[in-house]
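This structure is in structure tokens; I'll ask about it shortly.
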Amino acid sequence: MSETAKYTRNNPYQATVTVNELLTAEGSEKETRHIELALEEGMHYTPGDAVGILPTNRDEAVEEVLKALGFTGDERVLDHYKVEISFLEALRSRLTIGVLTRGAINQYAKLAPTVEGLKHLSGLDNKARAEEYCYGREFIDLATEFPGVITDPQQMFQVVGRLVPRMYSIASSIALHPGAVQTTVRVVRYDSHSRTRQGVASGHLGERAPVGATMPIFLHGNNNFRLPENPDTPVIMVGPGTGIAPFRSFLEERKATGAKGQNWLFFGEQRKALDFLYQDELEGMVKDGILTHLDTAFSRDQQKKVYVQDRMQEKSAELFEWLERGAHFYVCGDASRMAKDVHTALLDAIAKGSNGTLEHAEAYLNQMKKDKRYQLDVY
Ligand SMILES: Cc1cc2nc3c(=O)[nH]c(=O)nc-3n(C[C@H](O)[C@H](O)[C@H](O)COP(=O)(O)OP(=O)(O)OC[C@H]3O[C@@H](n4cnc5c(N)ncnc54)[C@H](O)[C@@H]3O)c2cc1C
């Protein structure tokens, strides 16, 4: 068994944090961090892979739940493997209390079949209402609004799901950083329903993972997001925000291996002065000739918002010329809007460049997908 396979989500490696730095400047609306973790000798990854990180819930969040349920935390419970642990530990590291799901509401309602408010939120008939209720809420909101339902701490294993790892695209090449894995993490923070909240894993990495701390991690292969086998093949990478992560890994790998293929990166964020992640490194790569083109789109730096897809449109002729030369095209980052807009801009560039119809562009792109020349890592 390889070292990578030795550590899994159920048997993670305790990695030590060696760097945890803010990439965004003060005043930015985002908090994006660069995090480095030390690996055990023999652990290996390939550019395009991700690292799975198992977070723990915040102490304050655990305390709030204990208080709302009326337990001390010293109670004994059996975890998912039937190992006896304290209820405090269960809430800290085993149970999803930071995100509320419809499944949790349904289970909670089963324990209190006579509570009217819960009836209105549970079952298939109330799916939409429950989904709306879940948005921006955590288990504490449910426990506070409908108290007295949990009478035995063990019931929490029935109600809420297991605390699961979060994936982060690897931002480094192991060829340049032996024994290390690096990531680019945006810390999720928001206010909702009169509470200040944070993402479980990104909050953990942002606030409770100083240099020297350990985090349970595992490496997660992704064969659907790979540099071309031929080092001479050009690549076009579109990675706004934390979508930059795997492309930093790609570029480092190409630098380390002396690959001759051309590299073109589209990066976008809100403001150049505050949010240009890895600016010095990327500009250095342009100087060194590693990056043939670096096109940036800072949406809030001018009145009219400009995004990566707009930059693609401006360069559509050259983009098509690269595709015709066999370039591979990669997209990483936001799945909800960005990836769709980039897809449309790409279709447009193909249609314009080939003087063809949209149908022809779609067929061209489908062929690229089949040839593994159009790869996405979106979340
Ligand atoms: C393959 C893959 C690669 C990834 N790579 C990266 C990466 O490189 N960098 C990176 O930062 N992330 C990456 N992610 C996302 C990452 O895995 C986590 O999903 C992210 O960090 C949030 O996790 P969390 O535990 O901090 O938040 P969670 O505790 O899971 O909370 C997130 C939830 O909070 C709620 N929420 C968030 N904002 C609001 C709001 N404004 N209002 C109301 N509710 C809200 C939503 O329900 C949301 O689902 C990747 C994901 C995948 C699948």
Side-chain angles (χ1 to χ4, degrees), residues 9 20 22-24 29-37 45 47-58 61-62 93 95-105 130-142 160-172 181-209 215-226 237 239-250 267 269 275 277-278 330-336 338-339 375-379:
R9 63 178 61 209
N20 188 339
L22 195 58
L23 290 171
T24 40
E29 285 171 37
K30 310 231 178 130
E31 176 184 338
T32 306
R33 309 191 73 89
H34 175 76
I35 290 162
E36 302 189 7
L37 299 155
Y45 58 84
D49 289 349
V51 56
I53 296 186
L54 284 101
T56 53
N57 291 306
R58 278 189 290 171
V62 170
S93 64
L95 298 168
T96 291
I97 55 169
V99 181
L100 188 63
T101 62
R102 222 160 49 77
I105 296 183
E131 268 164 12
E132 197 190 321
Y133 183 84
C134 287
Y135 186 72
R137 283 192 170 89
E138 302 164 66
F139 175 74
I140 185 69
D141 301 87
L142 187 68
V160 299
R162 192 170 163 177
L163 185 56
V164 289
R166 272 44 166 191
M167 293 297 167
Y168 294 94
S169 308
I170 292 176
S172 52
V181 65
Q182 309 183 354
T183 59
T184 316
V185 176
R186 164 145 192 238
V187 181
V188 173
R189 294 182 193 279
Y190 58 100
D191 289 321
S192 61
H193 307 286
S194 320
R195 277 174 189 272
T196 295
R197 316 199 186 233
Q198 58 177 247
V200 176
S202 61
H204 187 161
L205 290 163
E207 289 187 356
R208 291 170 280 125
M215 301 283 302
I217 68 156
F218 59 95
L219 299 170
H220 182 79
N222 179 6
N223 284 327
N224 294 319
F225 205 75
R226 288 286 182 250
M237 301 162 279
T242 53
I244 184 70
F247 302 135
R248 182 174 179 268
S249 172
F250 277 16
F267 174 74
E269 254 297 354
D275 307 306
L277 312 179
Y278 303 112
Y330 302 88
V331 188
C332 181
D334 171 56
S336 64
M338 183 275 295
Q375 301 185 12
L376 281 84
D377 179 18
V378 295
Y379 44 87

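Both counts, for ligands and for their atoms, begin at 1 and track the order of listing. This one's a predicted model, so the numbers in the text were calculated from it and none came from an experiment. Any value given below was found using the heavy atoms of this structure, including those in side chains, with hydrogens, waters and symmetry copies removed. Counting from 1, the numbers follow the sequence of the chain as shown.
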Worksheet item: Does the gap between the ring centers of F250 and Y330 come in under 6.0 Å?
Response: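 Yes - the distance between ring centres of F250 and Y330 falls below the 6.0 Å cut-off.
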Worksheet item: Is it the case that S172 and Y45 place a side-chain donor and acceptor less than 3.5 Å from each other?
Response: yes
Worksheet item: So, for D275 and E269, which heavy atoms are closest and what is the spacing to 0.1 Å?
Response: O-CG, 3.3 Å
Worksheet item: Name the residues with a heavy atom less than 4.0 Å from ligand 1?
Response: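 Residues V99, Y135, G136, R166, M167, Y168, S169, T184, V185, R186, V188, Y190, G199, V200, A201, S202, T242, D377, Y379 each place a heavy atom under 4.0 Å from ligand 1, listed by chain and number.
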Practice prompt. Indicate yes or no: at least one non-hydrogen side-chain atom of L95 is less than 4.5 angstrom from one of L163.
Written response: no
Discussion item. The criterion is salt bridge (charged side-chain N to carboxylate O under 4.0 Å, His left out); which residues satisfy it with R189, sequence neighbours excluded?
Written reply: E31, E207
Worksheet item: Could R186 and D334 be called an ion pair, given the rule that one side-chain N must be under 4.0 Å from one carboxylate O?
Response: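 So R186 does not pair with D334 through a salt bridge.
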